[in-house]
4 protein chains.
Amino acid sequence: MTTTTRGRIDKRQAILEGAFTVFAREGYAQACVQEIAREAGVAKPTVYNHMTDKATLFRHALEAAARRILEERVAALEPLAAPGDDLRATLEEVAHTLLRLHTDGRSCALRRLLYSEINHFPDILDIVKESGPDRLTQALADRLARLALAGRLRAADPDLAAEQFLALLLGPLEARTRLGTRELPDAELRTMAGVAVDAFVRAWGTAAA
Amino acid sequence: MTTTTRGRIDKRQAILEGAFTVFAREGYAQACVQEIAREAGVAKPTVYNHMTDKATLFRHALEAAARRILEERVAALEPLAAPGDDLRATLEEVAHTLLRLHTDGRSCALRRLLYSEINHFPDILDIVKESGPDRLTQALADRLARLALAGRLRAADPDLAAEQFLALLLGPLEARTRLGTRELPDAELRTMAGVAVDAFVRAWGTAAA
Amino acid sequence: MTTTTRGRIDKRQAILEGAFTVFAREGYAQACVQEIAREAGVAKPTVYNHMTDKATLFRHALEAAARRILEERVAALEPLAAPGDDLRATLEEVAHTLLRLHTDGRSCALRRLLYSEINHFPDILDIVKESGPDRLTQALADRLARLALAGRLRAADPDLAAEQFLALLLGPLEARTRLGTRELPDAELRTMAGVAVDAFVRAWGTAAA
Amino acid sequence: MTTTTRGRIDKRQAILEGAFTVFAREGYAQACVQEIAREAGVAKPTVYNHMTDKATLFRHALEAAARRILEERVAALEPLAAPGDDLRATLEEVAHTLLRLHTDGRSCALRRLLYSEINHFPDILDIVKESGPDRLTQALADRLARLALAGRLRAADPDLAAEQFLALLLGPLEARTRLGTRELPDAELRTMAGVAVDAFVRAWGTAAA
DNA sequence: GATGAATGAGAGTTCATTCAT
DNA sequence: TATGAATGAACTCTCATTCAT
């Protein structure tokens, strides 16, 4: 029983991962189910046994990938929960982690797919939303609000602060990674984290920080 | 003769525009040449008479659209060439114009297409680069350098300043426009321009400004 | 044990009936085994446990249906074994019964299936023959021969008489039922029986009748 | 021009004929468009250029075949327009021609297809109706009415007379040709025509005939 | 014996591309 | 030059059939 069930679950998992891989490489329309099946190590009809059609497969694959990516990103904010005396250093650490996650292959692929297919699948934004920038921004805003209460940041508008922190940090990525097609050396990521935090602190810091 | 030549040129123009329209709506793979021909008001083989194949058609259509978009954006920086006494107001004006251009339908469509097909057409970035963020950032950096020389901005690094100005301004668009699928009311654009300039001035301004 | 055997027999019965129902509705090629299994309330492999393949299933389903239909038809000739004084009335009664049986849903379905698949399954005619027109005609010819001997019909050729009786009776059905897709009201069946018998008696009757 | 147009028309004709041939041989569902294309000597997409889909192709092929068959049948009634002194002989001639037409391969194929697909294509009866039994019966009834007026047939009901003439003539075919799968020798057709006319004349004739 | 899951083969349909006019 | 027509190649999806339990 266990093996059967396990086997089925494993197969489903393999299909979803294979699908994401192929969709990411080829785009929705170019990806052919045949190839997804090959990538997942199953026969074509097995794919159809698990997902009704190509579109459903796409949605599920996107959702699964997005869920994982979300978790990593929110987890990256952890250090801000208990920042040490050196707020700057904590911010830089978080910034660097976010940059790394944001430039990860799967992350870029997901972003590309969202942009590509947002017209044909208007609902994928909702499927992915909780894992998208929205959720991350909100989690960050929560952290920043605490810091503002502690007098370590200007107490103006934590939502805006979070939005601008992420904009300063991630905005330059688009050009530097050539839309996510180029890896950046870790040194460059560190520098980017540094200058972003610099600007953020000038714009939002207090003397106390 | 003139008419013939004109007719041919017009037809080429119509094909390029029709192609961009359809590619933007459907994506590269889904777009079918038949439909492009219909959109352009010509027969399918006529498309092939002008462009060798679908891929070439795609590149040319992208290039033509990008060129137009570039010109508008760079022109938007014009006010910074001779800013009045109120630098803030000038920055806000420029910021607002850039936001408007960036959220324009064609602009969003171009961005979507770039993201979608960057894998299959690695060269489109070069085709479009001069019109992409790079070029705009550089033009903006030039302006900011002048202002720094004039003591109206911190003299640190104009390239970085330009990069961060654009990041603060355009970064929040992605989430707010839902990847470019939603129009924003002009009032919201004004507010966004305002808060972005606020943060920029806190981070990069001098007492003189 | 008994229950098991019974259960098995019942299941076989259910499969054959489900198969006939689905084949009748969809035709051989369109009918899918999945649907037959659903109709019979069993799983797909169970169907294959009972019948080797789809073709075999088809033949058996046809045979079972045909057998039942045959019995009814031949039984309908019963009254002719001992016709009362009013031969006409007896003939009309038999005629009416035959019409009713012939326009029954299962009967029409069987006819449709025979016509559809006679090319792919040349042997189904033999499978069904004993229950087909041949057998009925012969049984009728037997009855008519007796009547001829009794001087109540022209003594010419009972086989021909039977053939023509059935032709006069059933021939018009094809057009009137639109190839078996339309029910006829009982009143119309009575009328048809009447006029067929009229003609038959004019063609084959004797003064004694 | 002429050649082009002609070529297209010829191709359409070839497709319709090929389609009827293959549909007749395989049935609707089993027939594959690939094979129809091969039979017609064109490529598969050419079939789709002319007909939107398989179903449309089926309807058109049926209609074309039915039209031709209708014309032949109605033409066969011609002799009844001016019957000589020997009405019997004329009836037999017509009867024989009708039997020959009715047992023709295309005719049988059409009948089989109608029976097979009447469930999936309820409209084919209308497509074909004018060529079906209805139309023939009516044309025959017209002729018989004239004969009745001339006192050469019982003047009762020409519609009924026509229906019964055709029933007597064609009814026995089903069994004898084994649902249209067996050719009958011409001698047998002659005999069948003879006995059918015999019976018809006994049932509907007058002394004058 | 009965079933959930898996698969090989094949069908309808579409599309980029090329002739012939 | 512009076009109607034709085609080779591919793709999604279905189905009869078979294992493993």
Side-chain angles (χ1 to χ4, degrees), chain A residues 1-5 7-9 11-12 15 29-37 41-55 57, chain B residues 4-5 7-8 11-12 15 29-37 41-57, chain C residues 4-5 7-8 11-12 15 29-37 41-57, chain D residues 1-5 7-9 11-12 15 29-37 40-57:
Chain A
M1 308 266 145
T2 306
T3 57
T4 304
T5 307
R8 183 158 173 74
I9 287 181
K11 223 149 239 185
R12 185 188 174 88
I15 289 172
Q30 307 274 41
C32 90
V33 177
Q34 180 75 253
E35 192 178 352
I36 290 175
V42 302
K44 199 172 22 159
T46 303
V47 174
Y48 283 94
N49 281 346
H50 285 262
M51 307 285 165
T52 27
D53 58 8
K54 192 185 177 184
L57 175 56
Chain B
T4 304
T5 306
R8 184 158 171 70
K11 225 154 234 185
R12 184 188 174 86
I15 289 172
Q30 308 272 41
C32 88
V33 177
Q34 180 74 254
E35 192 177 353
I36 291 174
V42 301
K44 201 170 19 162
T46 304
V47 174
Y48 282 90
N49 284 344
H50 285 262
M51 306 284 162
T52 33
D53 59 6
K54 193 184 176 186
T56 305
L57 175 56
Chain C
T4 305
T5 307
R8 181 155 174 74
K11 224 154 234 185
R12 184 188 175 87
I15 289 172
Q30 308 271 41
C32 86
V33 176
Q34 180 74 256
E35 193 178 353
I36 291 175
V42 301
K44 202 173 13 164
T46 304
V47 174
Y48 283 91
N49 283 344
H50 285 263
M51 305 284 163
T52 35
D53 58 6
K54 193 184 177 186
T56 305
L57 175 57
Chain D
M1 309 268 145
T2 306
T3 56
T4 304
T5 307
R8 183 158 172 73
I9 287 180
K11 221 148 242 188
R12 185 189 175 87
I15 289 171
Q30 309 273 39
C32 90
V33 177
Q34 180 74 255
E35 192 177 353
I36 291 176
V42 302
K44 195 164 34 153
T46 303
V47 174
Y48 283 93
N49 283 345
H50 286 262
M51 306 285 164
T52 27
D53 58 6
K54 193 184 177 186
T56 305
L57 175 57

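For clarity, every value in this text was computed on a predicted model and none was experimentally measured. In what follows, every chain begins at residue 1, and chains take the letters A, B, ... in the order their sequences are listed.
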Inset, instruction - Rounded to the nearest angstrom, tell me the gap between atom CG in C/Asn49 and atom P in F/dA16. - result: 16 Å
Legend entry - Separation of E/dG4 P from A/His50 NE2 (nearest whole Å): 14 Å
Inset, instruction - Could you check how far CE of C/Met51 sits from P of E/dG1, rounded to whole Å? - result: 15 Å
Legend entry - Residue list, side-chain contact (heavy atoms from CB on, under 4.5 Å) with B/Ala43, at least two apart or on another chain: B/Pro45, B/Thr46
Inset, instruction - Measure from CD on C/Gln30 to P on E/dG12 and round the result to the nearest Å. - result: 10 Å
Legend entry - A/Val47 versus A/Val33, closest heavy-atom pair with distance: CG1-CG1, 4.1 Å
Inset, instruction - Take atom NZ of B/Lys11 and atom P of F/dT1, then tell me their distance rounded to the nearest Å. - result: 12 Å
Inset, instruction - Determine the contact category for A/Ala31: base if any of its heavy atoms lies under 4.0 Å from a base atom, sugar-phosphate if only primed atoms, P, OP1 or OP2 are that close, otherwise nothing. - result: sugar-phosphate
Legend entry - B/Tyr48 OH - F/dA5 P separation (whole Å): 18 Å
Inset, instruction - Among F/dT3, E/dT3, E/dT18, find the nucleotide with the atom closest to the side chain of C/Thr46. - result: E/dT3
Under 3.5 Å, which protein N or O atoms sit close to an N or O of nucleotides 8-10 of chain E? Give each pair with its distance.
| residue | atom | partner | partner atom | Å |
| --- | --- | --- | --- | --- |
| E/dG10 | O6 | A/Lys44 | NZ | 3.1 |

Legend entry - 5' priority, DNA chain F, between D/Val42 and A/Asp53 [closest heavy atom]: D/Val42
Inset, instruction - Take the protein atom CD1 of A/Ile36 and the nucleotide atom P of F/dC13, then report the distance between them rounded to whole Å. - result: 11 Å
Legend entry - Intra- and interstrand pairs of DNA chain E - dot-bracket, Watson-Crick/G-U under 3.5 Å, | marks other strand: .||||||||||||||||||||
Legend entry - Whole-Å gap separating P (F/dC15) and CG (C/Leu57): 16 Å
Legend entry - Residue whose nearest DNA chain E nucleotide is more 5′ - B/Lys54 or C/Gly41: C/Gly41
Inset, instruction - Under the side chain to side chain donor-acceptor pair (under 3.5 Å) rule, collect the residues that match up with A/Gln30, sequence neighbours excluded. - result: none
